[in-house]
Amino acid sequence: LCAYATTQESVRGPSQAGPPSTDGGVIDTSPPRGTRDFPPEEMRLRTWLFDNFREVSRSFGFEEVDFPVLESEELYIRKAGEEITQQLYNFEDKGGRRVTLRPELTPSLARLVLQKGKSAALPLKWFAIGQCWRYERMTRGRRREHYQWNMDIIGVPGLEAEAELLSAIVAFFSRLGITSKDVGIKVSNRKVLQEVLGRSVIPQRSFAAVCVIVDKIEKIPRSEVEKELAGLGLPVEAVDTILQALTLRSLDDLEELLGSENEAVLELKQLFELARGYGFEDWLQFDASVVRGLAYYTGTVFEGFDRSGTLRAICGGGRYDRLLSTFGGVDTPACGFGFGDAVIVELLKEKNLMPDLSHEVDDIVMPLEEQLRPQAAAVAARLRACGRRVDVVMGNKKMKWAFKHAERLQAKRMVLVGSAEWAKGSVRVKDLSSREEKDLPIEELV
Ligand SMILES: Nc1ccc(Br)nc1
């Protein structure tokens with residue numbers, strides 16, 4: 001399957017036979033199950049998307065980091081029943097080590113923060129774009145890999161960190177032409193659930209598992225959620241109280257339920273006040289049903305959604321103040337988000353906002369006779385040294401082919417190297433938009 005394409009053409013590989021395989025037939029040219037190739041057109045779109053991820057990250061003063069796609073399995077062994085840890089692309093390596101292709105980036109980031117220890121001056125503002133994996137029985141035919149953009153702030157306990165991250169997400173959407181009419185960001189706080197569970201005397205050790213189950217509230221039948229919560233030993237009335245609390249959609253109602261001094265109420269009010277300061281409050285809406293499916297969130301949680309309701313969550317994140325101590329480190333406040341490379345492309349297609357990305361070449365240089373190829377090479381080298389993107393015609397091609405090639409590449413000029421012109425220190429240049437043609441001295445080519 002090709003990455004972002006949806007047409008059948010993208011799936012069929014080239015018709016010519018591939019390298020002979022052992023039994024004389026053509027090898028399977030498809031990529032491994034659940035993975036994608038990125039042929040040029042798809043790769044241009046991916047590069048464009050990642051360039052936007054990077055430019056937003058840099059405009060917020062973040063530094064890029066990266067980690068191995070292969071990590072120790074122990075980074076993801078959590079007991080809260082998350083889908084992400086039940087679908088590890090894990091195996092035992094030749095040294096007998098339990099390893100896995102990473103399903104997410106946050107644990108790697110936490111590992112690097114711990115590794116850096118005191119040498120990393122806080123706050124850290126790190127971003128990464130990395131391929132993440134899951135191993136899902138192909139019954140559902142879903143992908144097994146995607147690229148995720150992550151931005152994380154380490155060392156800031158206050159809501160200003162979440163506000164910065166949300167502002168970065170809004171800045172990214174805005175760069176692509178997506179508005180708050182197309183997309184919203186649901187915001188809540190896990191302290192809502194913590195308070196509600198506390199009132200039902202639910203043991204703290206079940207909190208993460210309750211969040212993972214409640215996160216499925218809009219994906220599986222309520223009866224199934226009730227059954228799974230009961231499976232954690234929650235009494236029926238507690239289940240009703242929890243599900244009732246999750247229907248809250250206004251901060252006033254939340255305040256009425258939890259009181260004006262409740263931490264979740266105070267934090268959410270502060271976050272919305274900061275959002276007004278940044279000017280992106282119309283992107284946000286409080287929604288108590290948002291808990292996110294990762295066990296380690298401890299406070300604010302949020303997710304970007306398309307208002308037409310046709311797509312899965314576009315991005316998501318939250319505060320995770322106690323992740324480092326689960327790795328034996330000292331707890332450090334942290335918050336971050338993940339933004340996948342697939343749903344956003346579906347949204348851009350739906351909104352007709354896909355960019356027009358052509359194969360960009362400025363000049364096509366062609367020797368009119370084979371023995372002039374060294375001269376053509378000199379012309380190409382000079383043009384490239386001046387920053388022009390140059391395609392040199394290779395092989396013994398006819399002019400008709402060369403002009404068709406130039407049209408395909410949407411080149412701006414055709415530069416023909418012929419003996420008569422070369423003898424005068426010139427080349428023949430055809431402007432491919434004005435169709436104007438003239439001899440130019442080589443030193444005037446740029
Ligand atoms: N965590 C994760 C990894 C890979 C894909 Br595709 N989706 C989610």
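All ligand and atom numbering here is 1-based and tracks the order in the structure.
- Set against the non-hydrogen atoms of Ile84, the atoms of ligand 1 under 4.0 Å away are 1 (N).
- Side-chain polar atoms of Arg46 and Tyr147 form a donor-acceptor pair below 3.5 angstrom.
- Of the possible polar contacts, one joining the Glu82 side chain to the Ala295 backbone as a donor-acceptor pair under 3.5 Å is found.
- Contact analysis leaves Glu104 out of contact with ligand 1, as no non-hydrogen atom separation drops below 4.0 angstrom.
- Nearest non-hydrogen protein atom to atom 2 (C) of ligand 1 is Pro103 O, 3.6 Å.
- Under the 3.5 Å distance criterion, with hydrogens and angles disregarded, a donor-acceptor pair is assigned to the side chains of Asp287 and Ser289.
- Within 6.0 Å of atom CD in Glu64, more than 12 heavy atoms from other residues, nucleotides or ligands are found, so the atom counts as buried in its surroundings.
- Every atom of ligand 1 is numbered from 1 in the order shown, and the set under 4.0 Å from a heavy atom of Glu145 is 6 (Br).
- Checking side-chain atoms of Arg97 against main-chain N and O of Lys94 turns up no donor-acceptor pair under 3.5 Å.
- If you check which protein heavy atom lies closest to atom 7 (N) of ligand 1, you get Arg134 NH1, 3.4 Å.
- Thr179 contributes a side-chain N or O that, together with a main-chain N or O of Lys181, makes up a donor-acceptor pair within less than 3.5 Å.
- Protein heavy atom nearest atom 4 (C) of ligand 1, with residue, atom name and distance: Cys132 O, 3.4 Å.
- Residue contacts with ligand 1 for Arg142 are absent, since no atom lies close enough (heavy atoms, distance under 4.0 Å).
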